[in-house]
Student: 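Please find one structure pasted underneath; my questions will follow.
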Amino acid sequence: GISHVLTLVLQELSLLCKKDVNGVGMLYDLLRSRWLQALLKVYECLQHYLGKRPVPVTLQARVLTREVIELLREAPPSGEVKELRRLLRAPHLKAALLSAHDTVAQKDFEPTLPPLPDNIPENEEAMRIVCLVKNNQPLGATIKRHEITGDITVARVIHGGLADRSGLLYAGDKLVEVNGVPVEGLEPEQVINIL
């Protein structure tokens with residue numbers, strides 16, 4: 001995917017950096033940046049999701065059912081035709097199942113993000129809101145207190161763990177809040193209990 005292409009570009013740029021070509025060092029640093037790597041991982045995950053998300057065959061299952069019942073009236077009578085007409089006319093199928101299907105099929109469940117404010121200062125640190133669902137599996141990251149600032153930070157991200165697979169947490173990231181609880185002033189052990 002895109003990450004593979006980026007890796008190949010970085011290899012080529014590293015050769016040009018050694019030759020000291022104008023601007024290549026800046027481009028190399030940009031392409032190696034953590035935020036771009038994370039953005040590309042998010043993009044690839046979204047592309048993967050878009051390719052695999054379920055799409056309803058029809059948005060109007062109830063209308064289709066009525067059409068099938070009409071066609072069955074014209075079909076030669078048999079036990080199977082009678083049984084199918086009875087099933088399609090059953091109130092639990094019409095009212096509950098088909099109605100629920102049509103309601104869900106017509107809704108848009110895509111996430112909507114609020115627009116970014118226009119007045120963000122350019123020198124301000126960026127803050128990410130990260131949502132990881134653990135499902136009884138470990139986070140795959142360790143935390144520590146920063147020696148100088150006292151902030152709770154991600155000490156390391158374990159390869160193959162949930163945090164690594166998500167591409168959203170990196171060593172050195174500062175934790176501000178966990179599950180809605182501010183972590184300023186807490187000990188790392190207390191933060192682990194919140195996680």
Side-chain angles (χ1 to χ4, degrees), residues 1-55 109-117 120-195:
I2 292 179
S3 296
H4 178 68
V5 172
L6 183 61
T7 303
L8 295 175
V9 170
L10 285 171
Q11 289 172 355
E12 291 294 320
L13 286 175
S14 67
L15 296 174
L16 293 174
C17 278
K18 293 173 186 169
K19 295 177 184 176
D20 198 23
V21 177
N22 288 340
V24 172
M26 183 180 71
L27 180 61
Y28 182 75
D29 291 340
L30 172 70
L31 294 176
R32 284 188 50 215
S33 64
R34 290 186 338 190
W35 64 268
L36 182 61
Q37 299 288 331
L39 188 61
L40 289 173
K41 276 190 176 184
V42 169
Y43 175 79
E44 285 182 339
C45 288
L46 287 173
Q47 289 301 106
H48 179 73
Y49 166 76
L50 290 174
K52 288 194 162 194
R53 70 177 173 181
V55 178
F109 293 99
E110 295 295 318
T112 55
L113 299 174
L116 290 174
I120 298 176
E122 289 193 24
N123 60 353
E124 187 174 313
E125 279 189 27
M127 182 179 291
R128 293 188 320 267
I129 298 174
V130 176
C131 179
L132 297 175
V133 181
K134 288 185 4 179
N135 293 335
N136 296 325
Q137 58 183 317
L139 179 61
T142 60
I143 60 171
K144 68 176 182 177
R145 179 176 301 285
H146 192 274
E147 301 84 24
I148 299 170
T149 64
D151 295 331
I152 302 292
T153 61
V154 175
R156 68 184 177 122
V157 176
I158 298 164
H159 180 72
L162 176 64
D164 179 51
R165 290 192 317 268
S166 76
L168 299 173
L169 284 180
Y170 296 94
D173 283 352
K174 175 183 170 183
L175 300 181
V176 176
E177 191 177 279
V178 175
N179 295 334
V181 178
V183 299
E184 187 174 358
L186 295 180
E187 294 297 320
E189 294 77 22
Q190 293 172 300
V191 176
I192 289 171
N193 290 333
I194 299 171
L195 287 169

Student: For a quick test of reading the model, state the closest non-hydrogen atom pair linking Ile143 to Pro188 and the distance between them.
Tutor: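 Shortest heavy-atom contact: CD1-O, 3.5 Å.
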
Student: Filter on salt bridge (Lys or Arg N to Asp or Glu O under 4.0 Å), then keep only pairs touching residues 184-195, sequence neighbours left out; what's left?
Tutor: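 Residue pairs with at least one partner in residues 184-195: Arg145-Glu187.
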
Student: Which atom pairs, donor and acceptor, lie under 3.5 Å between side-chain atoms of residues 146-162 and protein residues at least two apart or in another chain?
Tutor:
unit_1 : atom_1 : unit_2 : atom_2 : d
His146 : ND1    : Ile148 : N      : 3.1
His146 : ND1    : Thr149 : N      : 3.1
His146 : ND1    : Thr149 : OG1    : 3.3
Thr149 : OG1    : Asp151 : N      : 3.2
Thr149 : OG1    : Asp151 : OD2    : 3.1

Student: Consider side-chain contact (heavy atoms from CB on, under 4.5 Å). Of Val191, Asn193, Leu175, Val178, which one does Leu186 pass it with?
Tutor: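 Output: one option passes, namely Val191.
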
Student: Just jot down the salt bridge (Lys or Arg N to Asp or Glu O under 4.0 Å) partners of Asp164, sequence neighbours excluded, or say none.
Tutor: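 Salt bridge (Lys or Arg N to Asp or Glu O under 4.0 Å) check on Asp164 returns nothing, list empty.
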
Student: Holding to side chain to side chain donor-acceptor pair (under 3.5 Å), I want the full list of residues that pass it with Arg165, two or more places apart in sequence or in another chain.
Tutor: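 Gln137.
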
